[in-house]
Structures are given as structure tokens and as C-alpha cells.
Participant: 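The following block contains the structure, expressed as C-alpha cells.
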Number of protein chains: 2
Amino acid sequence: MWGDCTMELDARKRKVLEAIVIDYIATAEPVGSRTIARKYDLGVSPATIRNEMADLEEMGLIEQPHTSAGRVPSDAGYRYYVDCLMEKTAIAQEAKTLIEKSFQTKIKQLEDLIQLSLKILSQMTSYTSLVLAPQFGKSTLQLIQLMFVEPGKALIVVVTDSGRIENRIVDIPESVTKTDLEIVSKVLNDKFKGLPVKDWEKAILKEVRAQLVKQHKVLSLALELINTLLNEETDDKVYLAGALNILNQPEFKDISKVKNIFQLLENEDVVCSMLKDESEDGIQVKIGHENKHESIKECSIITATYKLEGRILGTIGLLGPTRMQYSQAMSILEFLTETLSLAIKRL
Amino acid sequence: MWGDCTMELDARKRKVLEAIVIDYIATAEPVGSRTIARKYDLGVSPATIRNEMADLEEMGLIEQPHTSAGRVPSDAGYRYYVDCLMEKTAIAQEAKTLIEKSFQTKIKQLEDLIQLSLKILSQMTSYTSLVLAPQFGKSTLQLIQLMFVEPGKALIVVVTDSGRIENRIVDIPESVTKTDLEIVSKVLNDKFKGLPVKDWEKAILKEVRAQLVKQHKVLSLALELINTLLNEETDDKVYLAGALNILNQPEFKDISKVKNIFQLLENEDVVCSMLKDESEDGIQVKIGHENKHESIKECSIITATYKLEGRILGTIGLLGPTRMQYSQAMSILEFLTETLSLAIKRL
DNA sequence: CGTTAGCACTCATTAAAGGAGAGTGCTAAC
DNA sequence: GTTAGCACTCTCCTTTAATGAGTGCTAACG
């Protein structure tokens with residue numbers, strides 16, 4: 001979408017830009033011509049590099065915090081780096097085994113698996129990790145059960161194929177008996193098993209109502225409950241881990257910035273929109289101003305999707321400063337989502 | 001436990017101390033003798049107040065950040081204030097109605113009720129609110145059910161009288177059928193309903209095993225599952241809200257302090273120990289160094305318990321700087337826990 | 001013509017120095 | 001016992017100066 005690597009940049013300019021990005025990512029300090037000449041041997045003098053830098057600045061790929069400082073990559077510079085310069089490093093073998101080992105657990109709950117992924121991610125990368133859990137509506141039903149708790153109160157449990165479990169305690173008429181609930185459960189199960197949750201509403205009226213003349217009251221109740229479940233905000237569920245990692249980044253030593261970011265992250269809807277945005281396949285990177293929300297204009301987000309049998313279940317992402325270890329983070333994220341997808345399959 | 005108001009303090013010293021505490025809580029600035037004389041009319045000159053302050057400092061109730069600054073209450077000073085000086089203000093009527101209105105909702109889940117309380121608390125006080133959810137082990141069983149999901153997989157759901165719901169997906173032998181699970185569910189329900197969860201282990205071996213010779217395999221499985229459920233760390237569950245409020249306090253503009261506190265709060269066990277400590281009845285206040293954990297030595301915690309039919313279910317608390325609006329916070333917390341207890345009863 | 005050395009210039013950062021102000025402790029008088 | 005007066009201390013803020021990193025420009029070089 002972004003990267004047209006056709007932008008006329010001769011080999012040396014590319015090398016200079018790369019050096020600036022790499023060095024700035026590593027040190028968080030503006031990098032000067034001298035540094036580049038010394039550390040990255042381009043075989044030319046600082047003066048030559050200065051000329052190149054002037055050009056790069058004019059093209060908008062780097063910028064100067066102030067007159068007598070070195071250069072810093074602009075968002076466009078990072079973008080060019082990510083799309084055209086960065087070689088996609090294979091994930092380190094040790095990281096690979098670390099992830100694989102972590103997933104050798106007998107976790108049975110989807111939620112726990114997701115939490116585990118987040119933990120691993122933020123620990124390995126030192127960035128904040130986010131995830132959009134499998135959407136309820138898109139999954140298919142594996143089990144639905146109404147249970148009698150006490151007169152006037154029932155428990156409804158729904159399990160989807162993606163392993164998500166939802167439960168609610170609900171009021172029912174005092175007259176409804178255990179048996180009523182069991183019958184309704186059975187019918188609902190028979191009819192809906194394997195059906196995408198969001199298709200229920202259509203199916204409900206036609207098929208089921210006919211079959212359950214007897215438990216009519218109970219049924220309409222159950223339907224109402226299911227509707228509640230469906231319509232609740234609960235459909236998009238996000239989790240995050242390692243938010244405190246943000247505090248380690250030198251660019252966020254200012255407390256007000258941190259506060260803004262945290263406030264954003266506290267808002268589920270916002271996090272959701274950040275992740276949902278690009279639920280295409282493959283790894284996506286949003287750099288700085290490419291993000292919608294003001295507070296993270298100095299951050300980048302890398303996202304990837306995890307799947308079950310080819311179907312995209314949700315998105316998992318990493319949030320860090322624009323000065324982020326893109327290559328490393330991307331390879332870790334990629335491998336982790338693959339591993340996660342496999343683990344979900346095994347559930 | 002702390003407050004022996006017998007400490008010899010004449011009326012004027014008490015007034016001076018009170019003035020210092022109140023003013024410092026309000027302004028976060030060290031308060032000088034002049035300020036006290038002006039704002040709180042004790043009918044004496046600054047010089048006299050200075051003398052009194054020298055005495056108070058010697059007693060360890062106030063201290064000086066540096067030679068030419070005003071005085072600040074010490075932890076002991078706050079303690080004396082809370083125990084002996086502060087008049088227990090009745091909660092403001094508007095706050096009262098605000099809380100009551102917030103609880104006029106048809107929430108059916110204990111967890112949601114607790115979350116609601118946290119939200120209200122942190123919004124009303126601008127402090128961080130914490131809660132220790134009802135312990136699983138101490139509650140009594142209301143419903144236990146094993147459900148067949150697919151061959152080799154079952155769902156176990158447990159509901160306690162305090163409204164807590166736990167569920168797990170578990171592996172079962174392929175041979176186990178739906179009917180097996182239903183029978184086991186029935187027996188478990190009959191035997192355990194109304195029993196405190198933590199008493200199960202004792203009861204299990206004797207009573208149940210005898211009855212279920214047929215489903216012996218299934219049963220031992222079920223027992224195993226239940227054990228897992230019981231032994232999991234999940235028993236002490238904490239929630240918190242409004243952690244970001246900490247960032248608004250002037251004493252925490254230093255990012256490293258904030259980081260330490262957040263790290264503490266991120267650790268469930270720690271938060272748990274902070275709340276569990278005093279699960280006595282009534283409102284408890286821990287001031288500054290009275291807290292075990294280093295990172296919150298500049299904070300105070302106010303805790304109260306919420307109940308169901310006289311039995312203490314859990315603890316709810318407020319975390320703020322030692323320079324905290326004790327009186328207001330305590331009255332709000334007190335009224336809120338009462339309201340919460342009532343709401344739980346209505347569940 | 002591209003490259004480079006040289007140099008003047010800019011600007012952030014740091015340290016030192018000099019008030020200004022707030023508040024105290026002490027002393028002496030009431 | 002209380003209070004006015006005053007010297008003293010220490011933080012905070014501002015000013016000033018020095019340092020140093022890095023640049024842009026120009027002129028010379030191959």
C-alpha cells in the first residue's frame with residue numbers, strides 16, 4: 001500500500017538512510033554525519049554524507065530536531081526503511097525454541113492461550129502487545145446449555161468452535177422448571193450446532209418456534225437471552241500486556257504523553273479499532289501518523305492475524321515507539337502467530 | 001490498633017496539627033506558620049504557631065522537607081489525624097444518590113457488579129480502587145455441571161452462592177458419553193449443593209465414590225478436575241480501576257515512582273496481599289510506611305469489606321497518596337460497600 | 001564534476017552565579 | 001506565655017557563560 005520502492009534513491013542514499021534508521025533505533029539519539037562515516041563504512045567522508053543527508057531531508061525522509069543536531073528518520077523514512085531497505089531477518093533460533101517451548105503446555109482455554117501469547121510477545125520484544133479475541137458472532141456454535149440454578153434463575157452457557165466461552169446468569173419466570181430448560185437446551189443445540197452465531201437470529205424464528213409449542217414461554221425467553229448475549233458489547237474483546245514497557249522508552253519520559261497513551265489503551269473500543277483496522281492477512285505495519293489516534297502519533301503498530309483452518313480469528317499486535325526494532329519485532333510476531341494458530345487447532 | 005488518642009496534645013497543638021494536615025492535603029505544598037495563622041484562625045500569631053510546630057516536629061508528627069520550607073505531616077501525623085482529629089463526615093447527599101442510582105441496574109453477574117463498584121469509586125474519589133473478589137473456596141456450591149462438548153472434551157461449570165462462575169474445558173476419555181456426564185453432574189449436585197467449596201475434598205472420597213461404581217472412571221476424572229479448579233491460583237481474584245488517577249497526583253510526577261507502583265499493581269498476588277491483610281470488619285486505613293511494599297510507602301490504602309448475610313465476601317479498597325482525602329474517601333467507601341452488599345443480596 | 005577539508009555559525013546542554021522569596025529559629029520585649 | 005523583629009537558610013528561578021556537537025557553505029583537489 002505504501003512502499004513504492006521505485007522512489008529514485010541511488011545506492012549511497014539508501015545506505016545513508018539505512019544507517020540513520022538503524023543507528024537511531026539503536027541509540028535514540030539523532031545521528032550525525034561523522035557517526036555514520038565512522039560506524040558504517042560507506043567509504044566517503046562526513047562532508048559527502050552531509051550532502052546526501054541534505055537531499056534526504058529535502059525528500060522528507062529524515063529531519064532535524066534542531067539546527068545543530070544530527071538527523072532523525074521521519075515517518076516516511078521509517079516507511080521507506082520497512083518497505084524497501086530492511087532485510088527480513090529470519091527469527092533467531094533461540095527465540096524460536098523459546099516460543100515453541102512456551103506453547104508446550106496443556107492449556108485448554110482459548111483465553112489463556114491468548115494471554116500467554118501476549119505475555120511472551122511483550123517479554124521478548126519489550127513492547128506492548130495487544131490482541132483482538134475471536135469474534136463471537138463469526139464463530140460457530142459448539143454447545144449451548146441452559147441450566148437451572150434456583151427458582152427464577154438460570155445460567156446460560158455458550159461455547160464456540162474457536163474456544164470462546166460466554167456465560168450469563170439470567171432471570172426466568174418462577175414457573176420454569178429444570179426439565180423445561182433441558183428440553184430447550186436440547187432443541188437449541190440440535191438446531192444451532194455448527195451454525196455461525198450471527199446467523200442464529202435468522203434461523204430462530206422459523207425453525208425453532210415451530211418445534212417448541214409446549215415450552216413456548218421458555219423458548220421466547222431463551223431467545224431473548226441469546227439476543228442479549230449477541231448484542232452485548234462483548235463481541236469485540238481485547239486484551240493487552242506489557243503496557244508498562246512503554247515507560248522504558250526514552251521518548252516517553254514525559255508523563256503527559258504516557259498518560260495519553262494509557263488512556264487510549266484503557267478504552268477497549270479504541271484498542272479494538274486499532275487492531276481491527278487491518279484485519280487482512282499478513283503482517284501490517286502502521287507507522288506514526290499513519291495511526292488515527294493523536295496520542296500514538298509517535299508510535300508504530302505491527303499487526304498480524306491468527307487463524308483456525310484458514311479462517312481469520314483475530315488480530316494480534318505490537319505497539320512501540322516509531323523508533324522500533326521493526327525487523328526483529330516482525331519476525332517474532334510472525335512466528336508467534338503461526339505457533340498460536342497451531343496451538344488453537346490443537347485445543 | 002494504632003490510635004491512642006491519649007497522647008498528650010493540648011487543644012492548640014491539635015488545632016495546629018489539624019490545620020497542617022488539612023492544608024497539605026488540599027494544596028500539596030508544605031504549610032508555614034503564617035499560612036496557618038491567616039487561614040485557620042487560632043487567634044495567635046505565627047510565632048506562637050512556630051513554637052507549637054517545633055514541638056509537633058519533635059514528637060514526630062510533622063516534618064520539614066528542608067530548613068526553609070513549611071511543615072508536612074509525617075505518617076504518624078496522618079495517623080493521629082485519622083484516629084483522633086478527623087471528624088467522620090457524613091457522606092454528601094449528592095454522592096449518596098449518585099451511588100444509589102448507579103446501582104439501580106439490572107446487572108446479574110457478581111463480577112459486573114464489582115467492576116461497577118470500582119468504576120464508581122475511582123471516579124468519585126480520583127484514587128485507584130482495588131477489590132478482592134469473593135473467594136471461591138469459602139463460598140458454597142450452587143450448581144455444578146459437566147457438559148459434553150465433543151468426544152474427548154467436556155466443559156465443567158461451577159456456580160457459587162456468591163455469584164462467582166468458573167468454567168474450564170477439560171479432556172476426558174473418548175469413551176465417556178453425554179449420559180455419563182449427566183449422571184455424574186446429578187450426583188455431584190445432589191451431594192455438594194450448599195456445601196462450602198473447600199469442604200469438598202473431605203466429602204468426596206467417602207460419600208460419592210460409593211454411589212458411583214458404574215461411572216467410576218468418569219467420577220475419578222471429575223474429581224480430578226474439581227481438584228484442579230480448586231488448586232488453581234484463581235481462588236484469589238483481584239480487580240482494579242482508575243490506576244491512571246495516580247498520574248494526576250503531583251507527588252507522582254516522577255516516572256520511576258509511577259513505574260514501581262504500576263509494577264506492584266500488575267502483580268495480582270501483591271495486590272491480593274495488600275487487601276487480604278486486614279479482612280476484618282469495618283474500615284481500615286494503612287498509612288505510608290504501614291504498608292509492607294516499598295513502592296507504596298508514599299501511599300495510603302483504605303479498605304472495607306462487603307458481605308452477604310453477615311459473611312464477609314471480599315475486600316474493597318482505595319489506594320491514594322498519603323496526602324489523601326481520608327474523611328471523604330472513607331465515607332464514600334463505607335457507603336459504597338454497604339450499597340454493594342445490598343446489591344449482591346438482590347442478585 | 002563529484003568529493004573533501006576547512007571554517008564560521010547555530011543551538012542545546014550544562015554549570016556557575018546572583019537575586020528573590022518563603023519560612024524558620026532565636027532573642028528580647030511585652 | 002505570647003509576640004515582634006531579625007538574621008539566617010535553603011529552594012527556586014533567571015541570567016550568563018562556556019562547551020561541544022553538528023551543520024551548511026565555500027573553495028580546493030583529483
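Lettering of chains follows the sequences in order, A, B, ..., and the numbering in each one begins at 1.
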Participant: Can a salt bridge be assigned to the pair A:K259 and A:E266 using a cut-off of 4.0 Å between side-chain N and carboxylate O?
Facilitator: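 No.
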
Participant: Any Lys/Arg nitrogen of B:E63 or B:R71 sitting under 4.0 Å from an Asp/Glu carboxylate oxygen of the other?
Facilitator: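 Judged by the 4.0 Å cut-off on N to carboxylate O distance, B:E63 and B:R71 do not form a salt bridge.
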
Participant: Nearest 0.5 Å, please: how far is CD1 in B:I99 from CD1 in B:I332?
Facilitator: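 Rounded to the nearest 0.5 Å, the CD1-CD1 separation comes to 6.0 Å.
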
Participant: All N/O contacts under 3.5 Å from nucleotides 13-18 of chain D to the protein, with atom names and distances to one decimal?
Facilitator:
none

Participant: Looking only at atom types and distance, does a side-chain atom of B:Y326 sit under 3.5 Å from a main-chain N or O of B:T322, one as donor and one as acceptor?
Facilitator: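 Checked: pair present.
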
Participant: At under 4.0 Å between heavy atoms, which parts of nucleotides 23-30 of chain D does protein reach? Answer with one letter per nucleotide, 5' to 3': B base, S sugar-phosphate only, - none.
Facilitator: BB------

Participant: Under 4.0 Å: is that the gap between some side-chain N or O of B:R38 and OP1 or OP2 of C:dA22?
Facilitator: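 For B:R38, the contact criterion (side-chain N or O under 4.0 Å from OP1 or OP2 of C:dA22) is not met.
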
Participant: What stems show up for DNA chain C when you take Watson-Crick pairs (N1-N3 plus N6-O4 or O6-N4) and G-U wobbles (N1-O2, O6-N3), both under 3.5 Å, and require three or more consecutive pairs?
Facilitator: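 Consecutive-pair runs (3 or more) involving DNA chain C: C:1-30 with D:1-30.
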
Participant: With a 4.0 Å cut-off on N to O distance, would you call B:D10 and B:K13 a salt bridge?
Facilitator: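 Result for this pair is yes, salt bridge flagged.
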
Participant: Check this for me: does any side-chain nitrogen of one of A:D75 and A:R79 sit under 4.0 Å from a carboxylate oxygen of the other?
Facilitator: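 Judged by the 4.0 Å cut-off on N to carboxylate O distance, A:D75 and A:R79 do not form a salt bridge.
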
Participant: Can a donor-acceptor pair be found, under 3.5 Å and without considering hydrogens, that links the side chain of B:S74 to the backbone of B:G60?
Facilitator: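 Yes.
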
Participant: Would you confirm whether B:T48, through its side chain, and B:V44, through its main-chain N or O, come within 3.5 Å as a donor-acceptor pair?
Facilitator: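 Flag not set: sc B:T48 to bb B:V44 has no pair under 3.5 Å.
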
